[in-house]
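Here's the structure we're looking at; comments come further down.
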Amino acid sequence: MRNSLAILISGRGSNLRAILESPVGEAVSVVVSDNRQAGGLEHAEQHKKPTHVVERGDYPTAAAFETALSRQLEIYRPQLIALAGFMPILSADFIARHEGNIVNIHPSLLPELRGLNTHQRALDAGMQTHGCSVHWVIAELDSGNVIAQQAVAVQADDDAARLAARVLNEEHRLYPRVLAELLASPHQ
Ligand code: GRF
């Protein structure tokens with residue numbers, strides 16, 4: 001498998017850890033965080049992966065931040081860029097610069113529940129089925145084509161934390177599998 005997957009994180013990095021502990025982990029060539037405090041950086045270091053921090057606050061504009069992020073990624077020339085809890089919203093320019101070759105995992109069955117706080121919103125809406133989606137990243141938030149999804153049944157006694165934990169568990173199974181399939185597919 002080629003070493004050509006870049007992972008972008010902002011926080012605890014449990015999806016990153018699941019990826020690194022799966023067969024596709026060997027394809028991860030770099031982990032970039034926009035937050036020096038991100039717990040996920042430790043997972044990368046434990047797996048001896050190069051890490052870089054590019055923080056928005058170190059740049060005068062969002063465009064300058066994205067240029068720095070792009071430069072860092074271009075050193076590694078990744079075949080695929082996977083967002084795993086990466087919080088900055090990327091511009092259309094950035095997405096185009098990387099040939100639309102960016103995927104994300106989102107904690108809902110898209111197109112339902114784009115944006116944040118999906119678990120509480122699923123409960124508030126009385127949804128019986130919730131879940132997670134891997135999708136292509138386009139300029140419009142959480143709106144690119146869905147590649148794969150995993151449904152999770154909502155239980156009567158669920159609160160947002162319990163539901164989030166079950167969805168996250170499925171994210172950890174879904175994302176590594178989908179990334180492996182994408183890297184192996186001929187158009188990548
Ligand atoms: C996950 O729920 C993911 O779906 C969303 O952000 C969260 C990241 O969690 N995009 P982690 O940092 O991978 O633990």
Side-chain angles (χ1 to χ4, degrees), residues 5-22 24-25 27-28 30-47 49 51-56 69 78 80-90 94-95 98 101-125 127 129-154 158-182:
L5 180 59
I7 313 280
L8 271 54
I9 63 167
S10 297
R12 72 188 157 184
S14 69
N15 277 285
L16 167 66
R17 181 170 67 177
I19 292 163
L20 291 172
E21 290 176 352
S22 79
V24 81
V28 175
V30 64
V31 174
V32 182
S33 173
D34 73 319
N35 168 16
R36 317 197 138 71
Q37 310 297 333
L41 288 168
E42 283 177 27
H43 301 312
E45 283 152 17
Q46 277 162 13
H47 284 80
K49 299 295 185 183
T51 60
H52 296 280
V53 172
V54 182
E55 283 198 348
R56 171 68 182 85
L69 194 57
L80 194 62
I81 297 170
L83 310 185
F86 185 70
M87 297 309 287
I89 295 174
L90 297 167
F94 181 95
I95 293 163
H98 296 280
N101 216 10
I102 309 174
V103 295
N104 182 41
I105 187 149
H106 181 76
S108 79
L109 294 177
L110 291 170
E112 300 287 341
L113 304 175
R114 296 178 173 126
L116 298 174
N117 301 322
T118 57
H119 309 298
Q120 188 59 53
R121 288 162 59 208
L123 293 173
D124 292 347
M127 295 169 81
T129 308
H130 185 40
C132 52
S133 307
V134 179
H135 66 96
W136 293 107
V137 172
I138 62 171
E140 199 183 337
L141 187 67
D142 299 331
S143 297
N145 286 343
V146 170
I147 303 165
Q149 296 182 310
Q150 179 60 52
V152 172
V154 178
D158 266 340
D159 59 17
R162 264 198 299 270
L163 184 55
R166 288 207 312 289
V167 171
L168 192 62
N169 205 31
E170 294 304 330
E171 293 182 34
H172 296 164
R173 293 151 56 95
L174 182 68
Y175 212 8
R177 178 170 64 73
V178 171
L179 292 174
E181 286 168 6
L182 289 172

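Indexing begins at 1, ligand by ligand and atom by atom, following the structure's order.
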Going by side chain to side chain contact (heavy atoms under 4.5 Å, CB included), name the residues that satisfy it together with Gln149, two or more places apart in sequence or in a different chain.
Leu109, Leu110, Ser133, Val146
Provide, to 0.1 Å, the distance between atom 6 (O) of ligand 1 and the closest protein heavy atom, together with that atom's residue and name.
Gly85 CA, 3.5 Å
If you scan protein heavy atoms around atom 9 (O) of ligand 1, the nearest is Arg12 NH2, 3.3 Å
Contact between ligand 1 and Gly40 is defined here as a heavy atom of the residue under 4.0 Å from a ligand atom; is it met?
no
Do Arg177 and Glu181 sit within salt-bridge range, that is, some charged N less than 4.0 Å from a carboxylate O?
yes
Atoms of ligand 1 under 4.0 Å from any heavy atom of Ile105, numbered from 1 in the order shown, are 3 (C), 4 (O), 5 (C), 10 (N)
Taking 4.0 angstrom as the limit and counting only heavy atoms of Gly13, give me the atoms of ligand 1 inside it, by number and element.
11 (P), 12 (O), 13 (O), 14 (O)
Closest to atom 3 (C) of ligand 1 among protein heavy atoms sits Glu171 OE1, 3.2 Å
Could you tell me whether a side-chain N or O of Lys49 sits under 3.5 Å from a main-chain N or O of Val31, the two making a donor and an acceptor?
no
Which residues pass the salt bridge (Lys or Arg N to Asp or Glu O under 4.0 Å) test with Glu55, sequence neighbours left out?
Arg36
Quickly, which of Leu174, Ile147, Ile19, Ile105 forms a side chain to side chain contact (heavy atoms under 4.5 Å, CB included) with Leu179? Name it, please.
Ile19
